[in-house]
Amino acid sequence: MQLPERWIAHLDMDAFYASVELLRYPQLKGQAVVIGGRRADAPQQLEDGSWRYAKLRDYTGRGVVTTSTYAARDLGVFSAMGLMKAALRAPDAILLPADFDSYRTYSRRFKAAVAEVAPVIEDRGIDEIYIDLTDVPGVRDAVGHDPLGGVKAVAREIKNSVSRATGLTCSIGITPNKLLSKIASELDKPDGISVLTMDDIPTRIWPLAVRKINGIGPKAGDKLVQLGLHTVGDIAAAPPAWLIEQFGDSYGAWLHNAAHGRDNRPVVTYSEPVSISRETTFERDLSARHDKALLGQIMDELCARLADDLARKRYAGKTVGIKLRFEGFVTVTRDQTLKIPVTSAADIRHAVGLCLKRVTFDKRLRLMGVRVGNLVHASEVLDAAPAAPRADPRRAPDNLSLF
DNA sequence: TCTGGGGTCCTAGGACCC
DNA sequence: TCTGGGGTCCTAGGACCC
């Protein structure tokens, strides 16, 4: 066996949100539970101390499944599925609203627990991370005699540490790179460890569906299947020149490399945010004419929350953007880059007004969002700089006239 | 039964400058 | 007096991910 230059782990918490909820409601263990919906759906404790839960069948609205327990998945309920659709498949499943504060707490805990064993960690969101194990003593020292054994022992150590800190299980894939590890962590889920070398690609990776590769989404997946390529092995066997013809220089070449398990991206332990945003989907579609006041109010609220986020994270941004989604799911964005970075709700709201002027409102709205990009640290913004044009609080700014 | 909210990255065209 | 070639910034849309 050719020894890899790196050992990269991908750690994925098992049904993370649902598992955190089961710590709070252990009596639900084994049941079909779906996370999603509104705060109003939170369980209520009755006088006799027992709990009353919302059932999926009683849900009405536009929410989606955030996560589900494995019992719910057995009934065909998966992440991103509309709750109304999920209710058809599992009407008796229990519905719990998402509690992101709690999930963030457990997220910090599990990452700290991993860092005690292996400190080179790349954050990939609330419930997964990449870990570079190459220089972890238990891995490095085993290279000479039993590399795979050393890697597995460290993986067990990480899982034990996570379990002690959180009471939760996770699945770990360990391979020579991030691409393969991401796939490997799913091979033995939940609570599993999978170690793969490049030699395992033909037997363990090539039989998998093309969508198992991180970076092949619904569009590329459909196109590949349309072209007769169903498995990763099918892509690997395709002539690279043909892939490039079909998918373009960049993506075509990437597909070829990915199918052969090649990926040299480093584990990145720190990154600055690029943008911060807030958006909301309405309970019912709103008319720019009819619901003007309400839309103006919602936009004010979004700007206020975004300004809060910026202040809390100590960022300012030079580009303000809006996102509008109309009935029919047609999405439109408009950006406005300013001379001076903004932080205040009023300055954001003013720039939003400039963006809104460039949109035609001929359909009802389903969603509105605000984003601030081109971020700079708040400390780098000169207070002495001339103030950006501000909305006069005594008068409705003219941009409000659009709503 | 239509499809949340928070992100990143890529592409492609036009403006503008040298 | 019909028109090159970069580089960079801005904008809009879209794919993809958790």
Side-chain angles (χ1 to χ4, degrees), chain A residues 10-13 15-17 34-38 56-57 59-67 76-91 97-98 100 103-104 107 122-130 178-179 182 185-186 211-223 247-255 258 265 268 271-283 285 302 305-306 309 313 318-339 351 354-355 358-359 366-375:
Chain A
H10 179 258
L11 182 155
D12 197 294
M13 297 300 289
F16 185 54
Y17 300 171
V34 171
I35 312 298
R38 296 173 284 259
L56 206 44
R57 60 150 43 87
Y59 179 86
T60 51
R62 293 172 150 175
V64 298
V65 175
T66 302
T67 323
V77 172
F78 301 100
S79 298
M81 181 181 283
L83 285 169
M84 300 289 272
K85 176 177 179 178
L88 294 178
R89 299 190 175 189
F100 285 96
Y103 309 151
R104 271 188 286 269
S107 180
E122 175 176 335
D123 235 297
R124 291 307 298 188
I126 201 158
D127 71 338
E128 55 182 82
I129 52 176
Y130 289 104
K178 295 208 283 192
L179 181 100
K182 171 78 179 165
S185 67
E186 268 196 73
R211 287 292 309 275
K212 295 290 176 188
I213 291 180
N214 193 251
I216 300 182
K219 299 286 175 178
D222 281 357
K223 183 166 174 187
F247 293 93
D249 283 357
S250 167
Y251 197 69
W254 177 82
L255 278 174
R265 291 170 300 162
V268 177
S271 66
E272 286 278 353
V274 173
S275 67
I276 298 175
S277 67
R278 285 279 182 169
E279 66 183 56
T280 186
T281 295
F282 316 133
E283 303 261 327
D285 294 343
L302 287 170
R305 282 159 68 185
L306 185 52
D309 295 340
K313 298 176 177 170
K318 273 191 73 177
T319 303
V320 174
I322 59 165
K323 171 166 149 186
L324 303 171
R325 180 167 288 152
F326 294 92
E327 54 190 338
F329 224 67
V330 178
T331 306
V332 158
T333 62
R334 293 291 180 272
D335 276 10
Q336 182 74 47
T337 297
L338 309 161
K339 293 213 175 75
L354 301 178
C355 294
R358 316 203 309 259
V359 181
R366 172 192 182 92
L367 168 152
M368 269 194 323
V370 202
R371 179 176 38 84
V372 171
N374 253 318
L375 298 181

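What you see is a predicted model; the values in this text were computed from it and never measured. Note that these values count all heavy atoms, side chains included, but never hydrogens, waters or copies made by symmetry. Here is how names work: the chains are called A, B, and so on, in the same order as the sequence lines, proteins then strands, and each is numbered from 1.
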Under 4.0 Å between any heavy atoms, over every strand shown, what does [X] touch: base, sugar-phosphate, or nothing? Just pick one.
X         : result
Val64(A)  : base
Thr280(A) : sugar-phosphate
Ser250(A) : sugar-phosphate
Arg62(A)  : sugar-phosphate
Arg366(A) : base
Lys313(A) : sugar-phosphate
Leu83(A)  : nothing
Gly82(A)  : nothing
Leu306(A) : nothing
Ala87(A)  : nothing

**Asked** How would you give the extent of chain A contacts on DNA chain C, as first and last nucleotide 5' to 3' within a 4.0 Å heavy-atom cut-off?
**Response** dC10(C) to dC18(C)
**Request:** Decide if atom NZ of Lys223(A) counts as having more than 12 heavy atoms of other residues, nucleotides or ligands within a radius under 6.0 Å.
**Result:** yes
**Message:** Can you confirm whether Glu272(A) is buried at CD, in the sense that more than 12 heavy atoms of other residues, nucleotides or ligands lie under 6.0 Å from that atom?
**Reply:** yes
**Fill in**
Assert: residue with more 5' nearest nucleotide on DNA chain B, out of Pro273(A) and Gly328(A), is Gly328(A)
**Message:** With nearest nucleotide decided by heavy atoms, which residue, Ile276(A) or Val65(A), maps closer to the 5′ end of DNA chain B?
**Reply:** Val65(A)
**Request:** List the steps and the verdict of side-chain contact (heavy atoms from CB on, under 4.5 Å) for Tyr103(A) and Asp127(A).
**Result:** CA-CA 9 Å; Tyr103(A) 309 151; Asp127(A) 71 338; over 6 Å; no
**Nearest-0.5 Å distance that lies between atom NZ in Lys339(A) and atom NZ in Lys318(A)** = 9.5 Å
**From Glu128(A) atom CD to Asp12(A) atom CG, the distance as rounded to the nearest 0.5 Å** = 5.0 Å
**Prompt:** Is the glycosidic angle of dT3(B) within 90° of 0, making it syn, or outside that range, making it anti?
**Reply:** anti
**Prompt:** Given the C1' atoms of dC16(C) and dT3(B), what is the spacing between them in whole Å?
**Reply:** 16 Å
**Request:** Decide yes or no on salt bridge (Lys or Arg N to Asp or Glu O under 4.0 Å) for Glu279(A) and Arg325(A), but give the supporting numbers first.
**Result:** CA-CA 10 Å; Glu279(A) 66 183 56; Arg325(A) 180 167 288 152; 5.3 Å; no
**Request:** Provide the Watson-Crick or G-U wobble partner of dC16(C), both distances under 3.5 Å; none if there is no partner.
**Result:** dG7(B)
**Asked** Without hydrogens or angle criteria, can the side chains of Thr67(A) and Ser79(A) be said to hold a donor-acceptor pair below 3.5 Å?
**Response** no
